[in-house]
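In what follows, a structure is listed as structure tokens, so that the remarks can point back to it.
In each ligand, atom 1 is the first atom listed, and ligand 1 is the first ligand listed.
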Amino acid sequence: MPMRRLITLTLLLTAGPALAETLKGKIDDPALRRKTDLVYVEKVDGAQTPPADPVIVNQQGNTYAPHLTAIVAGTKIVFKSNDPELHNVYARGEKRVLFNDAVLPKMQSQPKEFKDLGVVHLTCNVHKEMSAFILVLQNKFFAKPDKDGTFTIEGLPHGTYTIRVWGEQLTDEQKAKTFTIGTGGAS
Ligand SMILES: [Cu+2]
């Protein structure tokens, strides 16, 4: 009997000025689907350029918005606040504290650059309930799956890729799982 698949992956050639492929996928496993917040390509060849403009993470009603922000390494983030109270953005990487900065009411932080790959957990020293995540990735080929577990990643150069999933509630074992897709199909 074939092993039950966790994820189905399909690579489709895209017509266009540059030769690129579209990755379509579906998380088949219900437990994995429920807890996966992001699907991403682990690595693509060549230098990856972060966007010129900073990405905004807002604080509104004592909540970070969005709750999860995925970025390419080297991207800058500006932390804004729409709230009348002081917030204190406490950013902890996997190995060290990155910064711990107050954001005054209705103000915004200086742009913060995120260079190291990995997960950054955001909390606030003033409001213990505040929690959010930044996922610093090697490339821009990531997607948030729909409720039914489907996702699309467009514009991939030709190649063979390792796909991974991330979710706040996934176990370390689930986050370490890799799925391969290439011209030969999924494995
Ligand atoms: Cu706060």
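No side-chain N or O of Ser81 forms a donor-acceptor pair with one of Asp83 less than 3.5 Å apart.
No donor-acceptor distance shorter than 3.5 angstrom exists from the side chain of Asp101 to the backbone of Asn88, with no hydrogens or angles considered.
Between Phe133 and His121, the ring-plane angle classifies as parallel under the 30° and 60° cut-offs.
In summary, Gln59 places no N/O/S atom under 2.8 Å from the Cu ion (ligand 1), failing the contact criterion.
As for His127, its N/O/S atom nearest the Cu ion (ligand 1) is the one called ND1. Closest approach between the Cu ion (ligand 1) and any N/O/S atom of His87 involves ND1.
The side-chain tip of Lys112 points at the ring of Phe99 from less than 6.0 angstrom away and within 45° of straight on.
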